[in-house]
Protein chains: 2
Amino acid sequence: MPTEAAGKGRAPSIRDVARVAGVSHQTVSRVLNEHPSLRDSTKQRVLEVMEELQYRPNRAARALVTARSRTIGVLTTRSDQYGPASSIRAIEEAAREAEYLVLTSSVTSTDRDALREALAHLVEQSVEGLVIIAPQQRVVEAISELSVDIPYVTMQSTGLLDDTVPSVDQIGGARLATRHLIELGHRDIYHLAGPQDWIEAEARMRGFLDEMGAQEVPTTAPILGDWSAEFGYYAGREMLRIRDFTAIFSSNDQMALGLIHAIHEAGLNVPGDVSVVGFDDIPEAAHFWPPLTTVRQDFAELGRRCIARLLEGLTGDSERYRGTIAPELVVRKSTAPPRR
Amino acid sequence: MPTEAAGKGRAPSIRDVARVAGVSHQTVSRVLNEHPSLRDSTKQRVLEVMEELQYRPNRAARALVTARSRTIGVLTTRSDQYGPASSIRAIEEAAREAEYLVLTSSVTSTDRDALREALAHLVEQSVEGLVIIAPQQRVVEAISELSVDIPYVTMQSTGLLDDTVPSVDQIGGARLATRHLIELGHRDIYHLAGPQDWIEAEARMRGFLDEMGAQEVPTTAPILGDWSAEFGYYAGREMLRIRDFTAIFSSNDQMALGLIHAIHEAGLNVPGDVSVVGFDDIPEAAHFWPPLTTVRQDFAELGRRCIARLLEGLTGDSERYRGTIAPELVVRKSTAPPRR
DNA sequence: CACCCGCATGTGAACGTGCACATGCTCGAG
DNA sequence: CTCGAGCATGTGCACGTTCACATGCGGGTG
């Protein structure tokens with residue numbers, strides 16, 4: 001005499017469902033995978049039994065037999081900052097919609113070993129694809145070093161190399177910011193750039209230099225920062241010892257905040273004495289003092305597109321998200337014509 | 001005649017390793033699980049073959065047979081903000097160390113349905129434990145509603161309910177901030193609180209009220225905010241229409257930033273006319289203008305302890321992280337004695 | 001020398017799912 | 001009436017790992 005529902009601690013499987021519904025386990029599997037040739041009544045019955053038994057498909061078993069993990073890895077540094085964090089959130093959402101899982105691996109330092117280790121960790125979880133939010137150059141090196149052959153998408157692209165890769169037009173955004181300063185009448189403009197192995201930082205610097213060149217404004221070498229407000233502050237203090245400029249374009253909002261701090265501390269006024277433009281438009285930027293003129297980029301959209309792009313490559317669909325995402329100049333109170 | 005290494009596209013399995021090493025698959029498994037009774041020479045040989053074949057254990061197969069996913073879920077709102085984001089990072093790190101995976105599910109809105117859905121998503125991935133960074137009350141409701149029986153740890157606890165749960169002493173921190181203002185001579189102090197269903201927010205409000213009561217300073221009802229700088233700004237504008245206060249204690253740094261913005265905009269001075277204290281000590285706080293006096297809490301440590309606590313429950317070990325994490329008052333320039 | 005114990009290793013069966021193939025049934029064309 | 005096509009479903013195995021149990025072997029004890 002067979003006991004009804006065995007339930008020996010394990011969760012119900014498709015076989016349990018099949019037994020109760022009076023069908024074969026394969027039929028249950030077909031219901032799960034939405035196989036076309038299934039009688040409606042059968043399908044309904046199976047679904048009811050699933051509900052009744054509180055059946056949940058076993059991801060591990062499925063991954064085992066299909067040899068696909070349906071998991072995407074995100075390799076990130078600075079995941080505690082607004083940009084990366086909001087991209088990650090969007091990535092998660094988009095992935096969930098496509099029934100993919102997201103595994104993030106954050107790394108504190110960006111040295112080669114740390115990146116390699118984080119990457120190895122993701123690879124060991126057999127992720128099917130990779131999104132990189134980190135100094136691209138080094139990570140790409142690490143990928144080839146580990147000789148893993150996983151499709152990846154990087155989040156810091158210029159929008160130049162390959163227009164099939166989703167990207168914000170960083171160069172264009174930087175030119176927007178720079179042009180804004182020039183149009184206000186500034187001629188002595190500094191650029192506080194990000195770390196040079198971030199493609200993002202390089203693109204913004206390039207945009208700055210391009211625009212300065214196009215408008216025939218002479219410029220000095222950009223200062224290389226590390227994205228932090230702390231750095232912006234100390235860089236600002238140094239710069240103010242000479243003070244041969246009337247405006248600064250900072251590669252992100254945090255460094256701009258540090259700059260403004262240094263300027264205020266020196267008894268100067270923003271934008272009266274020095275105009276400052278940032279990049280990113282973090283939610284706080286509107287409430288800096290003065291509210292920051294900056295370039296807004298849509299991190300969430302970027303995250304969504306990255307996933308779309310990655311999944312497209314994974315599944316072979318060719319529904320492309322072409323073209324770059326246009327950033328937008330948000331003029332607030334930290335910029336004004338130079339006093340003179 | 002058996003072909004040497006089959007390699008039909010699939011990654012090598014323990015059986016492949018076993019064949020090459022001339023042992024049984026079980027012996028390979030024992031190497032993986034560090035079984036005590038293994039001859040050293042055997043172990044070495046197996047390890048060499050693993051290296052040679054680039055063998056990677058298959059997580060899915062393991063999860064299938066052990067019925068354990070070794071995965072922890074994090075349910076979070078506002079994952080793009082500094083506090084949650086840095087906790088998540090620490091959680092990931094700690095989990096990785098314990099060979100656990102972290103799945104985060106961020107949710108934009110905090111209504112019941114969204115939380116329920118995000119929770120269901122995590123449950124479907126068969127997470128073994130849960131860390132909650134969200135309005136606790138509602139999530140707990142959702143958990144019982146879904147009748148899932150998963151151990152969980154919440155990140156916003158007061159440190160009062162149960163001292164086995166890791167937590168920052170929010171009440172103590174709030175009292176520190178409040179006492180600082182009182183000691184400076186302020187008597188008309190407002191509190192801008194967080195959303196009331198965040199235990200964190202409630203605890204800080206409680207700390208504020210407790211301290212005010214203990215020092216016999218009369219107080220008015222706190223204002224309930226939503227954590228955002230935007231809210232702080234508009235709340236500030238409203239408050240300044242009456243202006244019957246000389247200091248404000250904000251429940252987080254972002255709202256404090258908005259407040260300062262409103263105060264500056266009204267032509268007033270911080271801390272000259274109004275002193276402001278924040279909470280969290282986000283990295284930007286030191287570079288606000290004026291640099292913000294705030295209460296620092298160690299989000300990373302909190303994340304680590306949460307995982308320790310969760311794993312302890314999962315594995316039955318009893319190595320406890322007792323006691324609360326003490327927050328620290330960081331006095332900068334946004335507070336001063338009242339002008340009078 | 002017979003016995004048993006413990007170490008090092010092997011054997012076979014699960015785990016829950018999907019795939020390839022097989023089966024029976026219905027329906028319409030010739 | 002026969003036959004093949006296609007639909008709805010079933011059967012058995014494979015995926016990579018661990019678990020329970022079996023096996024052989026060396027050595028200490030009586």
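The structure presented is a predicted model; accordingly, all values stated were derived computationally and were not measured.
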Worksheet item: Are side-chain heavy atoms of Ile132(A) and Met155(A) found at a separation under 4.5 Å?
Response: no
Worksheet, complete the sentence: Hits for side chain to side chain donor-acceptor pair (under 3.5 Å) against Ser24(A), two or more places apart or cross-chain, chain-then-number order -> Thr27(A)
Worksheet item: Mind checking what makes side chain to side chain donor-acceptor pair (under 3.5 Å) contact with Thr77(A), not counting sequence neighbours?
Response: none
Practice prompt. Tell whether Arg30(B) reaches the base of dG10(C) with its side chain through a donor-acceptor pair below 3.5 angstrom.
Written response: yes
Discussion item. Taking side-chain hydrogen bond (donor to acceptor under 3.5 Å, both in side chains) as the cut-off, I'd like each qualifying pair that reaches into residues 44-62 of chain A, sequence neighbours left out, listed once.
Written reply: Arg59(A)-Gln125(B)
Item to complete: Report the distance from atom CZ of Arg10(B) to atom C1' of dC13(D), rounded to the nearest whole Å.
Response: 13 Å
Worksheet item: Is there a residue in residues 21-29 of chain A whose heavy atoms reach under 4.0 Å of DNA chain C, and which residues are they?
Response: His25(A), Gln26(A), Ser29(A)
Discussion item. Taking salt bridge (charged side-chain N to carboxylate O under 4.0 Å, His left out) as the cut-off, I'd like each qualifying pair that reaches into residues 127-137 of chain B, sequence neighbours left out, listed once.
Written reply: Arg68(B)-Glu128(B)
Worksheet item: Using a heavy-atom distance cut-off of less than 4.0 Å, which residues of residues 54-71 of chain A contact DNA chain D?
Response: Leu64(A), Val65(A)
Worksheet item: Got a sec, which pairs hit ring-ring contact (aromatic ring centres under 6.0 Å, His included) with one end in residues 90-127 of chain A, sequence neighbours left out?
Response: none
Worksheet item: Listed in order of residue number, which residues of residues 32-50 of chain A have a non-hydrogen atom at under 4.0 Å from DNA chain C?
Response: Asn33(A)
Discussion item. Do Val131(A) and Tyr152(A) make a side-chain contact, defined as non-hydrogen atoms from C-beta onward lying under 4.5 Å apart?
Written reply: no
Worksheet item: Between atom CD in Glu124(B) and atom P in dG16(C), what is the gap in whole Å?
Response: 18 Å
Discussion item. Looking at Lys43(B) and Asp40(B), is any side-chain nitrogen of the basic one under 4.0 Å from a carboxylate oxygen of the acidic one?
Written reply: no
Discussion item. Can you list everything that forms a side chain to side chain donor-acceptor pair (under 3.5 Å) with Ser41(B)? Sequence neighbours excluded, please.
Written reply: none
Response to the item:
Students should find that the end-to-end axis angle of the helix from dC1(C)-dG30(D) to dG30(C)-dC1(D), with five pairs defining each axis and rounding to 10 degrees, is 50°
Worksheet item: With sequence neighbours left out, which residue pairs that include part of residues 99-113 of chain B fulfil the salt bridge (charged side-chain N to carboxylate O under 4.0 Å, His left out) condition?
Response: Arg112(B)-Glu141(B)
Practice prompt. Could you list all the side-chain hydrogen bond (donor to acceptor under 3.5 Å, both in side chains) pairs where at least one residue sits in residues 82-98 of chain B, not counting sequence neighbours?
Written response: Thr104(A)-Glu92(B), Ser105(A)-Arg96(B), Ser106(A)-Glu92(B)
Worksheet item: Side-chain contact, heavy-atom cut-off 4.5 Å: Leu103(B) with Ile72(B)?
Response: no
Worksheet item: Is the count of non-hydrogen atoms from other residues, nucleotides or ligands lying under 6.0 Å from Glu117(A) atom CD greater than 12?
Response: no
Worksheet item: What is the distance from CG of Asp16(A) to C1' of dA14(C), rounded to the nearest Å?
Response: 14 Å
